[in-house]
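See below for the structure under consideration.
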Amino acid sequence: MRIKKGDQIQVIAGKYKGKKGKVTRVLPALGKIVVDKINMVKKHSKPKREGEKGQIVEIAAPFDVSNAMIVCPNCDKMTRVGYAVKDGDKSRVCKKCNKEF
Ligand SMILES: [Zn+2]
């Protein structure tokens, strides 16, 4: 996965196209990410105790990582991610400004 938790992304397809957000979860096995305020779905929560009512809560649902592009923290542009290897460490590089992030 090129996208990591905490990254800024922009949605490039679907209902949330053009929206930016912060990645809060990464699900590598599914190829999906969860982003704050993106892909919100209503969920019914069951009452926790007897006598309580169930609630409808909105949560951010996972969506396909291919529908998002990373936003470079240096140049603030949507970019593809390259890799640089330095002293055996792999770091991600912005293809637009060539800075590591
Ligand atoms: Zn950049």
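When reading the values below, keep in mind they use all heavy atoms of this one structure, side chains included, and skip hydrogens, waters and symmetry mates. Worth saying up front: this structure is predicted, and the values here are computed from it rather than measured.
Residue Cys75 holds its SG atom at 7.0 Å from NZ of Lys96, rounded to the nearest 0.5 Å. In this structure, SG on Cys72 lies 10.0 Å from CZ on Arg92, to the nearest 0.5 angstrom. One finds the OG1 atom of Thr24 at 11.5 Å from the CG atom of Asp7 (value rounded to the nearest 0.5 Å).
Scored by the salt bridge (charged side-chain N to carboxylate O under 4.0 Å, His left out) test, Glu50 finds no partners at all (sequence neighbours excluded).
A 4.5 Å side-chain heavy-atom check between Lys37 and Lys22 finds every atom pair outside the cut-off. Side chains of Ser45 and Gln55 form a contact here, defined as non-hydrogen atoms less than 4.5 Å apart. Here the side chains of Val71 and Thr79 are not in contact, with every heavy-atom distance at 4.5 Å or above. Side-chain contact between Arg2 and Val65: absent, with no pair of heavy atoms (C-beta onward) separated by less than 4.5 Å. Annotation: side chain of Val41 is in contact with side chain of Ile59 (closest heavy-atom distance under 4.5 Å). Using a 4.5 Å heavy-atom threshold, the side chains of Ile38 and Val11 count as touching. Asp76 has its side chain within reach of Lys20: a pair of non-hydrogen atoms, C-beta onward, lies under 4.5 Å apart.
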Would you please test Leu27 and Ile33 for side-chain contact (heavy atoms from CB on, under 4.5 Å) and show each step?
CA-CA 6 Å; Leu27 309 161; Ile33 53 173; over 6 Å; no

side-chain contact (heavy atoms from CB on, under 4.5 Å) assessment of Ile12 paired with Met78:
CA-CA 10 Å; Ile12 52 167; Met78 277 201 292; 3.7 Å; yes

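Taking both residues in full, the closest heavy atoms of Cys97 and Asn74 are given as SG-CB, 3.9 Å, listed atom of the first, atom of the second, then distance.
No donor-acceptor distance shorter than 3.5 angstrom exists from the side chain of Asn39 to the backbone of Ala60, with no hydrogens or angles considered. Judged by distance alone, with hydrogens and angles left aside, the side-chain atoms of Asp64 form a donor-acceptor pair with the main-chain N or O of Ser66 at under 3.5 Å.
Both Val26 and Val81 are assigned to one and the same hydrophobic cluster, defined by single-linkage of ILVMFWY side chains at heavy-atom distances under 4.5 Å. Grouping the Ile, Leu, Val, Met, Phe, Trp and Tyr side chains by contacts below 4.5 angstrom, directly or via other members, places Met40 with Phe63. Hydrophobic clustering (side-chain heavy atoms under 4.5 Å, transitive across Ile, Leu, Val, Met, Phe, Trp, Tyr) groups Phe101 together with Ile3.
At a threshold of 4.0 Å, the pair Arg25-Asp36 does not count as salt-bridged, since none of the basic side-chain nitrogens sits closer than that to a carboxylate oxygen.
The number of heavy atoms from other shown groups lying within 6.0 Å of NZ (Lys77) does not exceed 12.
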